[in-house]
Structure formats: structure tokens, C-alpha cells
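This report concerns only the one structure given below.
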Amino acid sequence: MSASVIKKFFIASMFMWIAPLAILYGFNHNLLPGSSNLSPHAMTLVSGFVAVISVNIVIAFYIYMAMKEPVDKHEPDPKFLADAKASVSKPTGEASTSSESSKKQE
């Protein structure tokens, strides 16, 4: 993983914490225009909805940035592939012996 990916993840994670807390703080301390005209119930609902929407916007932006990352074609290790194919194609004797032993017990 490159340093730029980790940096983007860290920044997005920080915004996912900072944005909703700043919105809730702004609504509760009447820092946002029009928030002083709302009833306490309406202020709680509006600030919660806006905070949730802000987190979703940060997530969408992070996904967009991740999709723009350059894609390097990953080639799996040939030895690993050969071993995996051999283990899949190799018949297992344990399955047949366990069914035979269950028949003998009956």
C-alpha cells in the first residue's frame, strides 16, 4: 500500500469525525444561519440529518478518490497457482473413508 492511499484514508477518516461534530456544534450554539429560529425538537432532527448527510458525502468522496487510484495489474505467484491447482485436482481419500466407516457402524 502506498503512502498516498494511507494519507487519503486518514484524511477521510478525520473528516468523517470532524464534519458531523462541527455541524452539531454549529446548530447547538446557533452558529449556523437560521438555526436560532428552530424549535429544540426541529433543531435536533435537522442537525442530525445534516450530520449524517455530511458523513455520507465524505464516504462518497473517498470512494470517488479510491476509484481514481491507478490500477496496477497484479500477477499472482506462478508457484502458488500451480500448488493451488494441484491441491484442488488431487482427490481426497478421507471423504470416501469416512463415509465407508459410517456404513460399517450401521
Side-chain angles (χ1 to χ4, degrees):
M1 228 185 313
S2 70
S4 67
V5 173
I6 294 172
K7 181 181 174 185
K8 288 176 187 176
F9 177 74
F10 182 71
I11 290 170
S13 298
M14 290 205 26
F15 274 111
M16 284 177 54
W17 278 95
I18 293 170
L21 290 176
I23 289 168
L24 291 173
Y25 182 83
F27 269 100
N28 289 334
H29 291 87
N30 297 325
L31 298 176
L32 299 173
S35 63
S36 60
N37 300 335
L38 297 173
S39 69
H41 180 71
M43 188 182 320
T44 302
L45 287 174
V46 171
S47 65
F49 286 137
V50 174
V52 168
I53 289 170
S54 72
V55 170
N56 286 319
I57 289 171
V58 170
I59 291 171
F61 184 71
Y62 179 72
I63 290 171
Y64 173 74
M65 295 302 291
M67 298 296 274
K68 284 180 51 176
E69 284 288 321
V71 179
D72 297 333
K73 182 72 176 167
H74 176 71
E75 294 293 328
D77 184 25
K79 183 181 179 326
F80 174 77
L81 283 178
D83 290 345
K85 286 179 183 177
S87 69
V88 169
S89 63
K90 184 170 80 173
T92 58
E94 294 175 320
S96 61
T97 58
S98 64
S99 63
E100 290 174 6
S101 63
S102 63
K103 287 179 186 177
K104 288 180 184 177
Q105 290 177 354
E106 293 175 354

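Starting from 1, each residue takes its place in the sequence as its number. Computation of the quantities below employed the complete heavy-atom set of this structure, encompassing side-chain atoms and omitting hydrogens, waters and symmetry-equivalent molecules.
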With clusters built from Ile, Leu, Val, Met, Phe, Trp and Tyr whose side-chain heavy atoms come within less than 4.5 Å, directly or transitively, what are the remaining members of the cluster of Ile63, listed by chain and number? Ile11, Phe15, Met16, Val55, Val58, Ile59, Met67

Kindly give the cluster partners of Phe10, where membership spreads through any ILVMFWY side chain lying under 4.5 Å from a current member. Met14, Ile18

Who pairs with Lys85 by salt bridge (charged side-chain N to carboxylate O under 4.0 Å, His left out), at least two apart in sequence or on another chain?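 Scan of Lys85 (salt bridge (charged side-chain N to carboxylate O under 4.0 Å, His left out), adjacent residues dropped) gives none.
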
So the ring pair (Phe, Tyr, Trp, His ring centres under 6.0 Å) pairs with at least one residue in residues 21-40 (sequence neighbours excluded) are Tyr25-His29

Using residues 36-53 as the side-chain source, report each donor-acceptor pair under 3.5 Å to any protein atom, sequence neighbours left out, with the distance given to one decimal.
unit_1, atom_1, unit_2, atom_2, d
Ser39, OG, Ala42, N, 3.2
Thr44, OG1, Pro40, O, 2.9
Ser47, OG, Met43, O, 2.8
Ser47, OG, Thr44, O, 3.1

Which residues satisfy the side-chain hydrogen bond (donor to acceptor under 3.5 Å, both in side chains) test with Lys68, sequence neighbours excluded?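 Counting only residues at least two positions away or on another chain, Lys68 forms no side-chain hydrogen bond (donor to acceptor under 3.5 Å, both in side chains).
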
